[in-house]
Amino acid sequence: MPRALITGIAGQDGSYLADLLLEDGTDVVGLIRAEDRDGPNLAHLTGRVRLVEGDLLDPASLRAAVGDVEPDELYHLAAPTFVPASWDDPTTTVAAIAGATSTILAAARETDPAMRVYVATSSEIFGDAGVSPQDEDSPKRPRSPYGVAKLAAHQLIALLRERHGQHVSAGITFNHESPRRPPHFVPRKITRGAAAISLGLQDELRLGDLGAQRDWTDARDVVRGAVLALRHDVPGDYVFASGVPRTVKDLVDAAFAHVGVDPAGRVVVDPEFVRPPEPTQLLGDPTRAREVLGWEPRIGFAQMIGEMVETDLAELRAAG
Ligand code: GDP
């Protein structure tokens, strides 16, 4: 039975990845911060996975975890995730993303040079790429400290692969959502708002730019891609994205349609949530993942948003 170590198992992606690996009989160990032990995504995994503690800002704890667990497969998903927050503390962002990736990769090589590693990088590495859609070879000009840190991690992966022959793959993940997504990200904010309005718990939903555009995929599809990448004979970089551009307004329309409420007059643009416009349209080209790994998204946009709204309705009813 192969053993996998998942950093960030308490998060959206880590917990879905654990579900997927448990299904195929993999022995799963998760790395968590002490304070995440009671996190909502871990409850259903209790007794089915082993948890070890570690902190991205404490390299010794990461080395100890990798060395003690000795996994066959290491999925490094743990990272700060909210892009705007990276402006508040670029130093910590770089340490927690680039520094921790470097530590994890070195620990993997020291523990077992044949250990397979997957690291989640991000579409934020493209920033002002100047071309759209973006594939693995597109220019990378990040526009946030988060993007800079992810690009450092991304380039380190390629370098170590070349230098040491390490089996490390990078997933260039575009935005991905699910019923386990926290509400400060706009899709969950919208599904939660639509659910609350339909239940009469809230009158309006305050958002930023409704024309802002992203490429949204379901998190369960993205973690399936991670496993395919890690288990492929040859390591590489892969864009995981839908390849379909959508706007915040598309999210609003899908979520409100699901609850049968007209969003007109219910959605208010609030300057507090408006961010500077992006110079390059962020859109993924997942051709390589499809051709090399046979990967493509299985969960469509409307289904994903519908499931998120249903989860919000259930949670709000249970709370009320
Ligand atoms: P990000 O792509 O990782 O920053 O994910 P988010 O879900 O936070 O934001 C996605 C897009 O939605 C960005 O272009 C935001 O500017 C836009 N957006 C519009 N209104 C909102 C809002 O109220 N909250 C958030 N978080 N984003 C918003």
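Indexing begins at 1, ligand by ligand and atom by atom, following the structure's order.
- Taking the charged nitrogens against the carboxylate oxygens, Glu272 and Arg206 have no contact shorter than 4.0 Å, which rules out a salt bridge.
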Tabulating one pair per line, provide the atom names and distances (0.1 Å) for every N/O atom of ligand 1 that is less than 3.5 Å from a protein N/O atom.
residue	atom	partner	partner atom	Å
ligand 1	2 (O)	Asn175	ND2	2.9
ligand 1	2 (O)	Arg214	NE	2.6
ligand 1	2 (O)	Arg214	NH2	3.1
ligand 1	4 (O)	Arg275	NH1	2.7
ligand 1	5 (O)	Asn175	ND2	3.4
ligand 1	7 (O)	Val186	N	2.8
ligand 1	8 (O)	Arg275	NH2	2.8
ligand 1	14 (O)	Arg214	NH1	3.3
ligand 1	14 (O)	Arg214	NH2	3.3
ligand 1	20 (N)	Gly208	N	2.8
ligand 1	23 (O)	Lys189	NZ	2.7
ligand 1	23 (O)	Gly208	N	3.4
ligand 1	26 (N)	His184	O	3.0
ligand 1	26 (N)	Arg275	NH2	3.3

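- Cluster annotation: Val252 and Ile197 are assigned to the same hydrophobic cluster (Ile/Leu/Val/Met/Phe/Trp/Tyr, side-chain heavy-atom contacts under 4.5 Å, transitive).
- The distance between the ring centers of Phe82 and Tyr146 does not fall below 6.0 angstrom.
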From CA spacing to verdict: ring pair (Phe, Tyr, Trp, His ring centres under 6.0 Å), Phe240, Trp295: CA-CA 9 Å; Phe240 293 119; Trp295 178 87; 5.0 Å; yes
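- For residues 45-58, every residue pair satisfying the side-chain hydrogen bond (donor to acceptor under 3.5 Å, both in side chains) rule, not counting sequence neighbours, is listed here: Arg37-Glu53.
- Salt bridge status for Glu73 with Arg231: present, with a side-chain N to carboxylate O gap under 4.0 Å.
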